[in-house]
K.L.:
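Would you mind keeping the following structure in view while I ask a few things?
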Amino acid sequence: MSLLSDTAFEDPWSSYFMDMLSPLSFVKVSSVRMQGLLLLIFAKYQHLPFIQVLSTKSTPTGLFGYWGNKGGVNIFLKLYGYYVSIINCHLPPHMANNDQRLEHFDRILEMQNFEAQDIPNILDHDLILWFGDMNFRIEDFGLHFVRESIRNQRYSDLWEKDQLSIAKRHDPLLREFQEGSLLFPPTYKFDKNSNNYDTSEKKRKPAWTDRVLWRLKRQSQTNFHTPALSAPFTLFLRSYVSHMVYTISDHKPVTCTFDLELKPLVSAPLITLLPEGPCTMESDMLISYSLTTDFLSSPWDWIGLYKVGLRHINDYVSYVWVRDNQISFSDRLNQVYINISDIPETEDPFLLFYYSNNLHSVVGISKPFKIQPFSFLEEDPLDEAQPQI
């Protein structure tokens, strides 16, 4: 989404997670929503120069592809030079609609095409993360057997009749998507505000409807528990669990935690930023930055001044267009300034971000620094004022 629409249509979930994660140095990178589907991506700010959001996409599959109550949302990005697609989906419900679920899964995948000529097909991306309410059910077994298996924590007794597991055994493409073991209770359907499975007249059979899948391109798919150390891009599953403590929905939330190890294809930022010190409230802030030879700048690029602990790229306290307030420029070094009247007087640490209009991403950040409220001077024996270090 654009910076403008991100601000104008900020949703409560985004605000909540930004408030919770910003003290841990996480910044909201991108978001996309389609009716009830929402996908948010956060990253620690030091990674931002190596994350380029290439596309956000919504794929409705409800009402013959015209209604977004079912379908998927996708954020496609480059991470240290690798292509990564992240998809959140909501597939059709009910036991009898398994074929329709698989059709919608294929349709979402087929619709992830990209206009740029240099972007590969989604199946050639280095990583696809795919999760959401997939609505797959447990076939054949009766309600009593399913509930008794859950009560005795014999979850493996139910795996063979899980519709997604069955589909993976027969569909070569779906088989390429991996999943952790289902070692937690089925996450649907519960009475709201309780941990009791459906006690209504319908008495729906419990099922693992909420799933997390992934597909890697750059290594063999044989064993995700022991990734090859020589692989340039590996994913290690740390946990795959549900959370019974939450009772506001008829589903239980599922979380999946990974370790991602990669050999960066891009190791240096496109822009190197640094404030010229010492920075005080007595003069305009001078900012120097250098560009790599392959970076294409734009008059609409800008440098933002942020307090450490920012929530989102829009949280700047001041900014300057790179072609405005320009003091000097060369092939190797450029200098601009921010007017001192635009800088708040505070002892909080600051950061500088360089935002590229062409790439729609942050391409350079400074190290944290402070702006002193005023300089401390003392007189030397010769009655000449000297800066106090």
Side-chain angles (χ1 to χ4, degrees), residues 1-3 6 18 21-22 24-30 41-55 75-84 118 262-279 284-339 342-343 348-371:
M1 295 177 70
S2 68
L3 294 181
D6 259 359
M18 286 191 292
L21 294 174
S22 59
L24 303 176
S25 300
F26 283 92
V27 177
K28 180 183 169 186
V29 175
S30 185
I41 294 181
F42 290 80
K44 289 201 169 183
Y45 71 79
Q46 59 263 36
H47 296 298
L48 294 183
F50 306 100
I51 299 174
Q52 181 186 350
V53 177
L54 299 175
S55 172
I75 295 177
F76 171 45
L77 51 86
K78 287 186 80 171
L79 175 66
Y80 285 91
Y82 294 92
Y83 291 101
V84 176
D118 58 341
L262 57 82
K263 296 178 180 177
L265 301 178
V266 178
S267 57
L270 295 171
I271 296 288
T272 301
L273 272 170
L274 66 153
E276 293 289 344
C279 295
D284 295 335
M285 174 186 290
L286 183 62
I287 302 167
S288 298
Y289 66 94
S290 58
L291 301 73
T292 59
T293 55
D294 57 344
F295 176 69
L296 181 62
S297 64
S298 162
W300 298 107
D301 291 354
W302 50 275
I303 296 173
L305 177 68
Y306 298 83
K307 290 183 181 179
V308 171
L310 71 151
R311 303 157 72 245
H312 186 265
I313 190 68
N314 290 332
D315 288 345
Y316 51 79
V317 297
S318 185
Y319 70 93
V320 61
W321 302 103
V322 295
R323 300 293 170 86
D324 293 345
N325 296 2
Q326 193 171 48
I327 298 175
S328 64
F329 66 93
S330 66
D331 292 338
R332 300 182 61 87
L333 187 66
N334 298 265
Q335 290 185 322
V336 297
Y337 71 90
I338 296 179
N339 194 295
D342 296 328
I343 301 174
D348 295 333
F350 288 93
L351 292 163
L352 292 168
F353 285 13
Y354 187 110
Y355 185 85
S356 166
N357 183 68
N358 292 330
L359 299 178
H360 306 292
S361 300
V362 172
V363 293
I365 61 174
S366 71
K367 293 181 179 180
F369 63 94
K370 286 191 173 184
I371 302 176

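Values in this document were obtained by computation on a predicted structure and should not be read as measured data. In what follows, residues are counted from 1 in the order of the sequence shown. Reckoned from all heavy atoms, side chains included, excluding hydrogens, waters and symmetry mates.
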K.L.:
How would you list, by chain and number, every residue that makes a ring pair (Phe, Tyr, Trp, His ring centres under 6.0 Å) with Tyr337, sequence neighbours excluded?
P.N.:
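Tyr337: no ring pair (Phe, Tyr, Trp, His ring centres under 6.0 Å) contacts found.
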
K.L.:
Gln46: which residues meet the side-chain hydrogen bond (donor to acceptor under 3.5 Å, both in side chains) condition with it, sequence neighbours left out?
P.N.:
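Partners of Gln46 under the side-chain hydrogen bond (donor to acceptor under 3.5 Å, both in side chains) test: none.
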
K.L.:
With sequence neighbours excluded, tell me which residues meet side-chain contact (heavy atoms from CB on, under 4.5 Å) with Asn339.
P.N.:
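Partners of Asn339 by the side-chain contact (heavy atoms from CB on, under 4.5 Å) criterion, ordered by chain and then number, come out as Asp284, Ser341, Asp342.
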
K.L.:
With Phe26, which residues qualify under ring pair (Phe, Tyr, Trp, His ring centres under 6.0 Å), at least two apart?
P.N.:
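With sequence neighbours excluded, Phe26 shows a ring pair (Phe, Tyr, Trp, His ring centres under 6.0 Å) to no residue whatsoever.
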
K.L.:
Heavy atoms only: give me the nearest Ile338-Leu305 pair and the separation to one decimal.
P.N.:
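Shortest heavy-atom contact: CD1-CB, 4.2 Å.
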
K.L.:
List the residues meeting salt bridge (Lys or Arg N to Asp or Glu O under 4.0 Å) with Lys307, not counting sequence neighbours, and say none if there are none.
P.N.:
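Lys307 satisfies salt bridge (Lys or Arg N to Asp or Glu O under 4.0 Å) with Asp348 only.
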
K.L.:
Looking at side-chain heavy atoms only, is the closest gap between Val27 and Ile313 below 4.5 Å?
P.N.:
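No, every pair of side-chain atoms sits at 4.5 Å or beyond.
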
K.L.:
Can you check whether Leu352's main-chain N or O pairs, donor with acceptor, with Ser366's side chain at less than 3.5 Å?
P.N.:
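The answer is yes, because a donor-acceptor pair under 3.5 Å joins these two groups.
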
K.L.:
Within the 4.5 Å heavy-atom criterion, are Phe350 and Met285 side-chain neighbours or not?
P.N.:
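No, too far: nothing below the 4.5 Å cut-off.
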
K.L.:
Does the side chain of Asp324 come within less than 4.5 Å of Trp302's, by heavy atoms?
P.N.:
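A side-chain contact under 4.5 Å is absent here.
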
K.L.:
Indicate yes or no: at least one non-hydrogen side-chain atom of Tyr355 is less than 4.5 angstrom from one of His360.
P.N.:
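SC-SC contact between Tyr355 and His360 confirmed.
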
K.L.:
Test of understanding: with side-chain contact (heavy atoms from CB on, under 4.5 Å), list the residues that count as partners of His47, not counting sequence neighbours.
P.N.:
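Testing His47 for side-chain contact (heavy atoms from CB on, under 4.5 Å), a comparison that skips the adjacent residues, returns Lys44, Ile51, Tyr80.
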
K.L.:
Please give me the minimum heavy-atom distance between Pro49 and Pro269, naming the atom from each residue.
P.N.:
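Answer, listing the atom of Pro49 first, then Pro269: CB-CB, 4.0 Å.
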
K.L.:
Heavy atoms, side chains only, cut-off 4.5 Å: are Tyr316 and Phe353 in contact?
P.N.:
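No; the side chains remain at least 4.5 Å from each other.
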
K.L.:
How close do Pro299 and Arg323 get, counting heavy atoms only, and between which atoms?
P.N.:
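Result for this residue pair: CA-CG, 3.6 Å.
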
K.L.:
Sub-3.5 Å donor-acceptor pair from the side chain of Asn325 to the main-chain atoms of Val320, do we have one?
P.N.:
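Not a single qualifying donor-acceptor pair exists.
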
K.L.:
Name all residues meeting the side-chain contact (heavy atoms from CB on, under 4.5 Å) criterion together with Asp301; count only those two or more places apart in sequence or in a different chain, and write none if there are none.
P.N.:
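Testing Asp301 for side-chain contact (heavy atoms from CB on, under 4.5 Å), a comparison that skips the adjacent residues, returns Phe295, Ser297, Ser298, Val322, Tyr354, Ser356, Asn357.
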
K.L.:
Using every non-hydrogen atom in the two residues, find where Tyr82 and Pro264 come nearest and quote the distance to one decimal.
P.N.:
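That would be CE1-CA, 4.4 Å.
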
